[in-house]
Undergrad: 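One structure coming up, written as structure tokens, with questions to follow.
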Amino acid sequence: ESATPITNAHLDTADNNADADITTFYSTTGMDMTVNAGAGREFFVWAGSTYAPGGNATVNTDMDVRGTVISTGGTVAVSGNFSISSGSIDAITLTSGTSTIAQTGGSITDFNINMSGTVKTLTSDLTILGNFSWTGFPGELVSDGTLRTINLQGNYTADNAYLGGAAGDSNLKLKFT
């Protein structure tokens, strides 16, 4: 562990060693990192640690946040399941792929969904301290069958997307706080 944030530049150093255990999991190009999809893979930010990419981070698998993610200078985009149980993330974008979203603690500042033809399932209430934007049609955000609330403190913008699914999920509500 280090007192300074882990960046894509740090990960690039490891990637440049050409160790197959590393290069099959992720790759770097310049200041950008891509985590490759694979069974049982997860991009995990440990409690007490900080990940500040310094460029773009494309996570093509699940992401679990328990530490701090600071996306200044780039974007953090996830196409797998996303969960946060402690810590914080300042901005996250969920992209294509059917996945689940869970927040059992921690904080999310800006939350973006950019999907086309996919379904995202909310498995817990969600609190967004900043803005919630949604682009990419068709796309659906549904609950897991239990009443789920999105508590939003900022602005909500949507581009032809279904909050609650095309059929109208009565177990999902958006609450401006």
Side-chain angles (χ1 to χ4, degrees), residues 5-8 11 25-38 41-45 49-143 148-165 172 174 176:
I6 299 291
T7 67
N8 288 351
L11 297 171
F25 185 74
Y26 73 90
S27 60
T28 56
T29 304
M31 293 302 296
D32 298 336
M33 179 201 54
T34 300
V35 178
N36 303 312
R41 291 190 180 157
E42 178 178 63
F43 187 70
F44 193 93
V45 181
S49 64
T50 300
Y51 172 57
N56 297 317
T58 303
V59 181
N60 294 319
T61 190
D62 300 346
M63 183 172 185
D64 186 343
V65 175
R66 298 181 189 188
T68 302
V69 179
I70 303 168
S71 64
T72 303
T75 60
V76 176
V78 178
S79 63
N81 298 324
F82 173 73
S83 65
I84 181 169
S85 57
S86 60
S88 63
I89 187 164
D90 64 348
I92 182 87
T93 298
L94 300 183
T95 59
S96 63
T98 301
S99 59
T100 60
I101 305 162
Q103 180 184 20
T104 57
S107 65
I108 301 168
T109 302
D110 290 328
F111 192 81
N112 309 295
I113 298 177
N114 182 355
M115 59 186 186
S116 180
T118 60
V119 176
K120 304 292 184 198
T121 304
L122 193 58
T123 62
S124 66
D125 289 347
L126 188 64
T127 298
I128 303 167
L129 303 176
N131 299 317
F132 177 25
S133 67
W134 190 346
T135 60
F137 180 78
E140 298 181 22
L141 179 62
V142 299
S143 78
R148 302 295 181 197
T149 302
I150 301 171
N151 297 293
L152 179 60
Q153 295 180 13
N155 296 314
Y156 172 65
T157 57
D159 174 24
N160 295 319
Y162 293 117
L163 182 64
L172 188 63
L174 180 61
F176 294 92

Undergrad: Under the side chain to side chain contact (heavy atoms under 4.5 Å, CB included) test against Trp134, which residue among Thr157, Leu141, Asn114 passes?
TA: Leu141
Undergrad: Which ring-ring contact (aromatic ring centres under 6.0 Å, His included) pairs, counting each pair once, include a residue from residues 65-107, with sequence neighbours left out?
TA: none
Undergrad: Roughly how far, to the nearest 0.5 Å, is CE of Met33 from OG1 of Thr7?
TA: 10.0 Å
Undergrad: Quick one: list whatever passes side chain to side chain contact (heavy atoms under 4.5 Å, CB included) with Thr123, sequence neighbours left out.
TA: Thr100, Ala102, Thr121, Asp144
Undergrad: Would you give the length of the straight line joining atom CG of Asn8 to atom CG of Asn56, rounded to the nearest 0.5 angstrom?
TA: 8.5 Å
Undergrad: Between atom CZ of Arg148 and atom OG of Ser124, what is the distance when rounded to the nearest 0.5 Å?
TA: 6.0 Å
Undergrad: Tell me every residue that passes side chain to side chain contact (heavy atoms under 4.5 Å, CB included) with Asn60, counting only those two or more places apart in sequence or in another chain.
TA: Thr34, Ala37, Thr58, Ser79
Undergrad: Identify, with sequence neighbours excluded, every residue that meets side chain to side chain donor-acceptor pair (under 3.5 Å) alongside Ser107.
TA: none
Undergrad: Let me confirm one number: the OG1-NZ distance from Thr95 to Lys120, rounded to the nearest 0.5 Å.
TA: 6.0 Å
Undergrad: To the nearest 0.5 Å, what is the distance between CG (Asp62) and OG (Ser99)?
TA: 8.5 Å
Undergrad: Sequence neighbours left out, what pairs pass ring-ring contact (aromatic ring centres under 6.0 Å, His included) with at least one residue falling in residues 90-115?
TA: Phe111-Phe132
Undergrad: So, using ring pair (Phe, Tyr, Trp, His ring centres under 6.0 Å) as the criterion, who are the partners of Phe43 when residues are at least two apart?
TA: Tyr51
Undergrad: Scan for salt bridge (Lys or Arg N to Asp or Glu O under 4.0 Å) pairs involving residues 80-92, sequence neighbours excluded, and state none if there are none.
TA: none
Undergrad: Please find the pair of heavy atoms, one from Arg41 and one from Thr61, that lie closest to each other, and give the distance.
TA: O-OG1, 2.8 Å
Undergrad: Name all pairs fulfilling the ring-ring contact (aromatic ring centres under 6.0 Å, His included) condition that reach into residues 90-110, sequence neighbours left out, sorted by first residue then second.
TA: none
Undergrad: Nearest 0.5 Å, what's the CG-CD1 distance between Leu126 and Ile101?
TA: 6.5 Å
Undergrad: State which residue, out of Ile84, Leu94, Val76, fulfils the side chain to side chain contact (heavy atoms under 4.5 Å, CB included) condition with Met63.
TA: Val76
Undergrad: With sequence neighbours excluded, what pairs up with Thr127 under the side chain to side chain donor-acceptor pair (under 3.5 Å) test?
TA: none
Undergrad: With sequence neighbours excluded, what pairs up with Asp64 under the salt bridge (charged side-chain N to carboxylate O under 4.0 Å, His left out) test?
TA: Arg66
Undergrad: Mind checking what makes side chain to side chain contact (heavy atoms under 4.5 Å, CB included) contact with Asn155, not counting sequence neighbours?
TA: Asn131
Undergrad: Specify the closest pair of heavy atoms between Ser71 and Ala91, including all atoms of both residues, with the distance to one decimal.
TA: OG-CB, 3.6 Å
Undergrad: Please enumerate all residues that pass side chain to side chain donor-acceptor pair (under 3.5 Å) together with Thr149, with sequence neighbours excluded.
TA: none
